Amino acid sequence: MNRQFDKATLNKRTVNDITGGRRMRRNRKAGWVRDLTRENTLTIHDLIWPIFIIPGTGQREPIEAMPGVFRVSADLAAHEAERAAKLGIPAIATFPKIELDLRDQTGSNILVADNIINRATIAIKAAVPEIGVITDVALDPFTDHGHDGILRDGVIVNDETVSQIAQAAVLQAEAGADIIAPSDMMDGRIGAIREALDGNGFSDVGIMSYATKFASSFYGPYREAIGTQGLLQGDKRTYYIDPANSDEAVRDAAMDVEEGADMLLIKPGLPYLDIILRLKDTFAMPTFAYQVSGEYAMIKAAAQNGWIDGEQVMLESLLAFKRAGCDGIMTYFAPEAAALLNQD
Ligand code: PBG
């Protein structure tokens with residue numbers, strides 16, 4: 001049937017009748033009013049830049065699945081830190097790719113005081129003392145099986161791992177790390193690291209807890225970056241959180257807060273915005289997201305194909321973290337985003 005709409009149909013009830021005179025579009029009608037009513041803003045001070053460290057000097061290697069991201073030796077990491085500081089980025093986070101022959105069952109190289117991660121911290125702090133350095137104490141870059149803990153008879157042993165990472169945290173603090181950010185998800189690690197730091201005169205070194213780290217498939221490119229891809233036996237589901245769970249994430253974060261975490265981190269980022277919102281509302285702690293390698297790779301790949309506007313999608317994704325309640329974002333986009341934000 002060919003339906004005829006006469007004008008009178010709409011005029012029986014006007015849009016003002018329908019909305020009660022409310023017009024959401026009044027506050028959207030021009031740039032100045034959108035600027036005036038905007039609720040969240042991304043600034044350079046929200047950014048933490050993760051960088052990958054390799055042995056040697058003058059070394060710089062691309063990472064295939066992370067276009068624009070490089071592994072660098074400690075001396076070049078110091079240059080990167082200088083660049084970050086000039087851009088106004090408050091902190092960097094370091095992740096090592098160590099030689100395969102230094103990796104073993106227990107990740108013992110993490111207890112070597114001048115391993116590459118600590119050497120990078122020393123080099124960065126010597127060059128740019130004012131930038132924050134955040135180090136990870138997970139064992140995965142150091143083990144020959146790619147797990148974040150010590151593997152015995154097919155089991156990641158919790159308590160032995162905790163005592164080792166607490167010792168490693170002290171060495172990292174000694175090298176100059178400002179914040180220890182354990183990403184291993186062992187039980188009791190926050191309290192143990194706090195005790196070890198305090199007991200060794202590092203009570204001003206903070207702990208950013210990876211409070212809720214999910215057993216995610218978004219970490220793929222990172223595993224290429226640190227060379228654990230071919231090594232990892234099985235998966236990490238006996239210690240990372242099931243992506244289906246939200247209450248469990250709150251309970252896990254509650255333990256970390258109680259044990260003395262100074263800040264909470266949620267990882268991955270965009271697929272877990274609901275967790276960010278819940279944790280921020282529940283604990284009112286400084287809250288951060290890690291926009292992980294797979295998230296970065298997806299945006300870069302689509303942008304390189306011309307399927308999305310890479311810069312706009314990057315900024316929109318970072319702003320989404322702020323809206324969800326984040327105080328800041330750990331992101332491989334940090335220098336690119338900072339350069340853009342500096343233009344404004
Ligand atoms: C493990 C660790 C992971 C990442 C950083 N540290 C996850 C993993 O390999 O299981 C992922 C970061 C990223 O994907 O960008 N301690």
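Treat the numbers as computed from the prediction; the structure is a model and nothing was measured. Order of listing sets the numbers, starting from 1, for every ligand and every atom in it. Just the heavy atoms: all of them, side chains too, but no hydrogens, waters or symmetry mates, feed the values below.
Under the 4.0 angstrom criterion for non-hydrogen atoms, Glu295 is not in contact with ligand 1. For the ligand labelled ligand 1, residue Tyr290 lies inside the 4.0 Å heavy-atom shell. Under a 4.0 Å heavy-atom criterion, Lys213 is in contact with ligand 1.
Salt-bridge check for Glu130 with Lys125: failed, with every basic side-chain N at 4.0 Å or more from each acidic carboxylate O. The pair Lys280-Asp327 meets the salt-bridge criterion, with a side-chain N (NZ, NE, NH1 or NH2) lying under 4.0 Å from an Asp/Glu carboxylate O. With respect to Arg189 and Glu259, no salt bridge is recorded, no charged nitrogen being found less than 4.0 Å from a carboxylate O.
Between Tyr332 and Phe52, the ring center distance clears the sub-6.0 Å criterion. The distance between the ring centers of Phe288 and Phe321 does not fall below 6.0 angstrom.
Taking every non-hydrogen atom of Tyr240 and a distance limit under 4.0 Å, the qualifying atoms of ligand 1 come out as 1 (C), 7 (C), 8 (C), 10 (O), 16 (N). Here is the list of ligand 1 atoms found below 4.0 Å of a heavy atom in Ala138: 16 (N). Heavy-atom proximity to Arg223, at under 4.0 Å, picks out these atoms of ligand 1: 8 (C), 9 (O), 10 (O). Every atom of ligand 1 is numbered from 1 in the order shown, and the set under 4.0 Å from a heavy atom of Tyr332 is 12 (C), 13 (C), 15 (O).
Atom CG of residue Asp140 and atom CZ of residue Arg223 lie 8.0 Å apart, to the nearest 0.5 angstrom.
Ranking the protein heavy atoms by distance from atom 4 (C) of ligand 1 puts Lys267 NZ, 2.8 Å first.
Counting heavy atoms closer than 4.0 Å to ligand 1, residue Ser293 contributes atoms from both its backbone and its side chain. Under 4.0 angstrom from ligand 1, the non-hydrogen atoms of Asp140 all belong to its side chain. In Tyr296, neither the side chain nor the backbone holds a heavy atom less than 4.0 Å from any atom of ligand 1.
With 3.5 Å as the limit, one finds a donor-acceptor pair spanning the side chains of Ser73 and Asp75.
The cationic group of Lys213 lies under 6.0 Å from the six-membered ring centre of Tyr219 and within 45° of the ring axis, placing it in a cation-pi geometry.
Closest to atom 13 (C) of ligand 1 by heavy atom, among Phe52, Phe218, Tyr222, is Tyr222.
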